[in-house]
Amino acid sequence: MNLASSIVLSTKSNLSSFHSLFKFCFDTKNPRRVLLTFRELLNYNEKPNDFTFALLIKACALSCSSSFGFKPTFEANQIHTHLIKSGADQFILVPSCARHELIFQGRTIHGFGIKSGLDSGSQVKNALTSMYARCADLEAAECLFEEIVEKSVVSWNTMIGAYGQNGFFNDAMLYFKQMRERNVEANEVTMVCLLSANANPESTHCFVIKTALIDKCSVNTSLVCEYARRGDSKSAEVLYKSLPQRNLVPLTAILSSHAENGNMSSVMECFAQIQQLDMKPDAVTMVSILHGVTDPCHFGIGLAFHSYGIKSGLSIDNLVANGLISMYSKFDHIEAAFSLFFDMHEKPLISWNSLISGCVQSGKATDAFEVFCQMKMHGHGPDAITIATLLSGCGQLGHLQFGERLHNYVLRNNIEVESFVGTALIDMYTKCGRIERAENVFKSIKDPCLVTWNSMISGYSLYGFEHKALSCFSKLQEQGIKPDHITFLGVLAACTHGGLVDEGRKYFEIMRKEFNVMPGLQHYACSVSLLGRAGLLEEALILIKDMEIKPDFAVWGALLNACCIHQELRIGEYLAKKLFLLDNSSGGFYVLMSNLYATKGKWDEVAKVRKMMRETGGDGCSGISVIEVNSLIQLSQTIPRRVILSLNIQLEKSCYCYKIVLKDIPLWIIAPCSENRQMLIHLMPHSCSACSETRKRNLNLPLWYKAGAIKYGFVHLILIGTPYNNGDAWLLFVQISVAHVGPVDNLLDHFYDL
DNA sequence: TTAGGGTTAG
């Protein structure tokens, strides 16, 4: 129990003391504590009134909106039980409900209100409306709103907020118009709600000047924030400077918009301003700054702010720690990200997501899956963000099986296949060789956004379905969606793969003329490749010479590749010199040169280039290969709990990570290749008996489970699994994937138990 | 009773 609770409860307990305590819980952003405190209230035999009721609803609503994933809280369930147990005689008999979601707790309290007659006041109805809105039950919110006889500005604000919070911006605006038609005067909250419902800041700005609401601190703060959020830093700054009072919130919003644009010098100016004005930067300020650190040249700034965070104590804040994890991951310092994560006192889902995403972003998807397993062991279920991130990891590894399981999870749990998850699925299926499934996912999305269209266009182009890609491009335009630079990359790639020279020229032209999208290096590289492959080397060269940006390795490389195709040794050698000066460490360059000489049968030159490649370490990018072996193993008639498998996997010099799927339970094995050394097996947490048994024995499930050895170049495994009976025999379906995932030492570093 | 800067995702 915290200090405030002790103070209130040590004095003579009365209802208003409890109400004060409830308010304290809201102020300290701990709505769930309200629910616990309500239990105390009942213990003290205090009779709640309608105000208690309204506060309880607010607590439920806030808890509900903050617990993404509809996870019931222990406290809410407790209070529910209390309502039934101790409040039965005076409040309710609650209808039993199978779904244990937090909204259920809110409905329980609603039911209690109806029965006790405490729900008729408009204040309570407003609170209830807001609760349902936060739980995305707009139908219930609307019903309640209709019941309110005298709809005050608060009632209208609640509905504007309800629709705005749930993304129905047009409806929010309609309610605002209706409110005006009924001559209800808007207040500052109306404006804040409208702005957060994506209202145009310019028109809102005019309106608030006319109605004198501009003088309200919350209104101008929201306006500055909205200008900033839309990337209009200038308007945000002009408005901010016109304000009499300096305030950290709008200044942070401006800083954040600069950070979003990667404009670190402006970010630093804002930060200096904050310090000059003696304002204390908070966690949001810190996290906004860290968000802006995307360019490697700014990494030093990021490090400096990490130090600042340690000194100021801000780095303890979860938000800041998440921001730091993301920043370090962006620059491939995944060890630092892990270290920060392990030091966190509390690890909410969002922090797990940050780390998982960090692993995927830094190209270590295997680690992301390990972290995901740990996350599940700690009792967190994945949300839409976890799933989208992991799907991206599946695409990275070509890990179709796990991707499919994630898709099944989405379907089983009624997670909406909307823009983020849908696009991630399309991306995963495309990268895992299942374009038809990507198509099906795409068709299931009601209202695909630009990024989703882009994924499908790129997918088609990758598979050489250039006409489908171009048809997608036309449909996208029919929907009134404006293509961006990624769309054109997909479209140009489709033309290149299909050899559609005229179309490619046309799209390159309309890209800037019609859509005002300036071609970047990748667009040029693609067009050069298109022209070069078609043998139009001169036109490709002219295109490069006319570029308004300096051509990079990819652009010249595309031309060199065309030279290989058309055996243009003379131009090829000229380009090779250019490329060598640009970047002589890239393996790609040597491969291209070697291919060029090979087409002409110049084997001596090929050998020279290969030697150069070895000497410069240019062949640094090793590939990942995955071999899948399926086998059905028949076991003895007795029910074997301990299954001994001798798997015939020849070990090679480098270290490998093996993934064995026992039935559908994946086990990861890291195999250090020194002979006779114990092999370490990692059990992926799952609803398998092996895992639950281990968990029962030891709550701190060791990450690695010693169970095998490597002898004579073969892998011998002892697995504890549950085989299944097909009526005749006990069977174990084993699928083995062998994937080279890099040096074992790097992987092992991340885990504690070794 | 209604609202207000931020982190994680394609």
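Chain letters run A, B, ... following the sequence lines, proteins first and then strands; every chain starts at 1.
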May I ask you to list the residues of residues 214-247 of chain A, by number, that have any heavy atom positioned under 4.0 Å from an atom of DNA chain B? Ser218(A), Cys225(A)
DNA chain B-proximal residues of residues 281-291 of chain A, any heavy atom under 4.0 Å: Asp282(A), Val284(A), Thr285(A), Val287(A), Ser288(A), His291(A)
Ring pair (Phe, Tyr, Trp, His ring centres under 6.0 Å) for Tyr163(A) and Tyr175(A)? Distances and angles first, verdict last. CA-CA 9 Å; Tyr163(A) 279 96; Tyr175(A) 271 94; 5.2 Å; yes
Starting at atom CD1 of Ile415(A), determine the distance to atom C1' of dG10(B), rounded to an integer number of angstrom. 15 Å
N or O in side chain of Ser392(A) less than 4.0 angstrom from dG10(B) OP1/OP2: yes
With a non-hydrogen cut-off below 4.0 angstrom, is Leu255(A) in contact with a base, only sugar-phosphate, or nothing? nothing
Separation of dA9(B) C1' from Leu355(A) CG (nearest whole Å): 15 Å
Between atom CH2 in Trp156(A) and atom C1' in dT2(B), what is the gap in whole Å? 14 Å
With heavy atoms under 4.0 Å as the rule, sort Thr452(A) into base, sugar-phosphate or nothing. base
Neighbour count above 12 (heavy atom, 6.0 Å) for Arg180(A) CZ: no
Whole-Å distance separating the OH atom of Tyr175(A) from the P atom of dA3(B): 16 Å
Leu195(A) CG - dT2(B) P separation (whole Å): 19 Å
Relative to the ring of Phe442(A), is the ring of Trp453(A) parallel (under 30°), tilted (30 to 60°) or perpendicular (over 60°)? perpendicular
dA3(B) phosphate, OP1 or OP2: any side-chain N/O from Gln165(A) under 4.0 angstrom? yes
Is any NZ, NE, NH1 or NH2 atom of the basic residue among Glu237(A) and Lys234(A) found under 4.0 Å from an Asp or Glu carboxylate oxygen of the other? no
Answer with base, sugar-phosphate or nothing: what part of the nucleic acid does Ser455(A) contact at a heavy-atom distance below 4.0 Å? nothing
Heavy-atom neighbours of Lys347(A) NZ exceed 12 at 6.0 Å: yes
In whole angstroms, the gap separating C1' of dA9(B) from CD1 of Ile445(A) amounts to 14 Å
If stacking means aromatic ring centre less than 5.5 angstrom from the base's six-membered ring centre, planes under 30°, is Phe420(A) stacked on dG10(B)? no
Measure from CG on Leu390(A) to C1' on dG10(B) and round the result to the nearest Å. 13 Å
Give the nucleotide from the list dA3(B), dT8(B), dG5(B) with an atom nearest to the side chain of Ser326(A). dT8(B)
What I want to check is whether the side chains of Asn187(A) and Thr190(A) have a donor and an acceptor closer together than 3.5 Å. yes
Students often mix this up, so state it plainly: with edges at 30° and 60°, are the rings of Phe305(A) and Tyr308(A) parallel, tilted or perpendicular? perpendicular
Rounded to whole Å, the CD1-P distance (Ile457(A) to dG10(B)) equals 19 Å
Donor-acceptor under 3.5 Å (Asn166(A) side chain, Ala162(A) main chain): yes
So what does Glu260(A) touch, heavy atoms closer than 4.0 Å: a base, only the sugar-phosphate, or nothing? nothing
Under 30°, 30 to 60°, or over 60°: which ring-plane class applies to His333(A) and Phe299(A), parallel, tilted or perpendicular? parallel
